[in-house]
Protein chains: 2
Amino acid sequence: MKLNTKTRYAVMALADMSNFPRKKPVSLRDISLRQSISLLYLEQIFLKLKKNNLVKSIRGTNGGYILNKDPKEIKLSEIFLAIDEKVKTVGCTKESKKGCNGKSTKCITHDLWDELELHINTFFEKKKLSDLAKINQNKIQ
Amino acid sequence: MKLNTKTRYAVMALADMSNFPRKKPVSLRDISLRQSISLLYLEQIFLKLKKNNLVKSIRGTNGGYILNKDPKEIKLSEIFLAIDEKVKTVGCTKESKKGCNGKSTKCITHDLWDELELHINTFFEKKKLSDLAKINQNKIQ
DNA sequence: TCAATACTTGACTATTTTAGTCGGGTATAT
DNA sequence: ATATACCCGACTAAAATAGTCAAGTATTGA
């Protein structure tokens, strides 16, 4: 059970941006250098973030991206949604209406995974981008 | 972010077993039929569960597996551990001591993922096998 | 005793997902 | 004009997943 890099990098990149004044565009090149993330990969990620209105883009020299909202207002769940990362603990979701293992009944663990999903999603709803402050960049002990 | 089938099936299978008296061995064949899980796959899974002392095996005709503890005593976290499913939200763990992205400092999101990991693991520590009762097998609405 | 049942083990494999890269754009500032 | 920096779809190598397969061993019951 692990997070994909796209989502992790998205959070990292946005957290990076939130360390700078919101008015000036931040270029992907700079983020790439500071956070050691491939520039080409960042481009892919930011297209999604833009489509989902988390950032706006400014082209040309001295261009870059700008956060659309104050970091205090940006929930991690929004970022996850933008990147398409679904916290789906299991195949038999409520949406599928199909039951687990192709049967019309819930599998024996169905409610458990539902509960876990809710648990995790609640965590991401509560966390804001602003919670990842510079203070986090300490040495590992 | 999703759970692998091995872990899910392990929980399903053990939950299935816990619906029957603990003294009589439950064969994988029966579990396979009731829960629609491949028998060959179940065999692989139960070897792990056995190695980690969650079940004991009885060979031969009328053989099968027996839970080593009361379902009330079996934490889901134990099952996860047995199957090797690690809730590792990210590469830069405390254990690696290496820092994120090869640097000696924590990445900007390091503490976040740590916190998430703890959050999820706490959930599994609290959940017992007995919490997945027969009552869960309702129709999907 | 001997056939059937059921666990044991390691190796193998097709498919899917992940984690990117590549190539060719377009818009803007200087 | 030219360099910068965003835009976009298609592609791909590598890893993980979700199993299967072959060849056992131990035990029971007829």
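Numbered from 1 within each chain, the chains take letters A, B, ... in sequence-line order.
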Practice task
Treat each ILVMFWY residue as a node, draw an edge where side-chain heavy atoms are under 4.5 Å apart, and state whether Leu81(B) and Ile74(B) are in one component.
Solution key: no
Handout entry: side chain to side chain contact (heavy atoms under 4.5 Å, CB included) partner of Val55(B), the single match among Leu49(B), Val26(B), Asn68(B)
Key = Leu49(B)
Practice task
Indicate, yes or no, whether a donor-acceptor pair under 3.5 Å links the base of dT21(C) to the side chain of Gln44(A).
Solution key: yes
Of the options [options], whose atoms approach the side-chain atoms of [X] most closely?
X	options	answer
Arg59(A)	dT8(C), dC6(D), dA27(C)	dA27(C)
Ser27(B)	dC7(C), dT8(C), dC6(D)	dC7(C)
Glu43(A)	dT21(C), dC21(D), dC7(D)	dC7(D)
Thr61(B)	dG29(D), dG19(D), dT20(D)	dG29(D)
Thr5(A)	dT8(C), dA6(C), dG20(C)	dG20(C)

Distance in angstrom units between [X] [atom1] and [N] [atom2], rounded:
X	N	atom1	atom2	answer
Met17(A)	dA5(D)	CE	C1'	14 Å
Leu28(B)	dA26(D)	CG	P	18 Å
Leu42(A)	dC8(D)	CG	P	17 Å
Lys2(A)	dT18(C)	NZ	P	8 Å
Tyr65(A)	dA5(D)	OH	P	12 Å
Lys51(B)	dT8(C)	NZ	P	10 Å
Leu40(A)	dA10(D)	CG	P	17 Å
Ile58(B)	dG29(D)	CD1	P	12 Å

Completion exercise
Sorted by position of nearest nucleotide on DNA chain D, 5' first, the leading residue of Leu39(B) and Val26(A) is Val26(A)
Exercise for the section: Identify, between Lys50(B) and Ser38(A), the residue whose nearest nucleotide on DNA chain C lies closer to the 5' end. Expected result: Lys50(B)
Practice task
Please tell me which of Asn62(A) and Tyr41(A) maps to the more 5' nucleotide of DNA chain C, matching each residue to the nucleotide holding its nearest heavy atom.
Solution key: Tyr41(A)
Practice task
Considering just the side-chain nitrogens and oxygens of Ser57(A), establish if one lies under 4.0 Å of OP1 or OP2 belonging to dC7(D).
Solution key: yes
Practice task
Look at Tyr9(A) and dA19(C) and indicate whether a side-chain polar atom (N or O) is within less than 4.0 Å of OP1 or OP2.
Solution key: no
Handout entry: Considering all heavy atoms, the nearest Ser38(B)-Ser32(B) contact
Key = C-OG, 4.2 Å
Practice task
Determine the interplanar angle of the Phe80(B) and Trp113(A) rings, folded into 0 to 90°, and report it as parallel if under 30°, tilted if 30 to 60°, perpendicular if over 60°.
Solution key: tilted
Practice task
Using a heavy-atom cut-off of under 4.0 Å over every strand shown, decide if Phe46(B) touches base, sugar-phosphate, or nothing.
Solution key: nothing
Exercise for the section: Establish, from distance only, whether the side-chain atoms of Tyr41(A) and Thr5(A) form a donor-acceptor pair under 3.5 Å. Expected result: yes
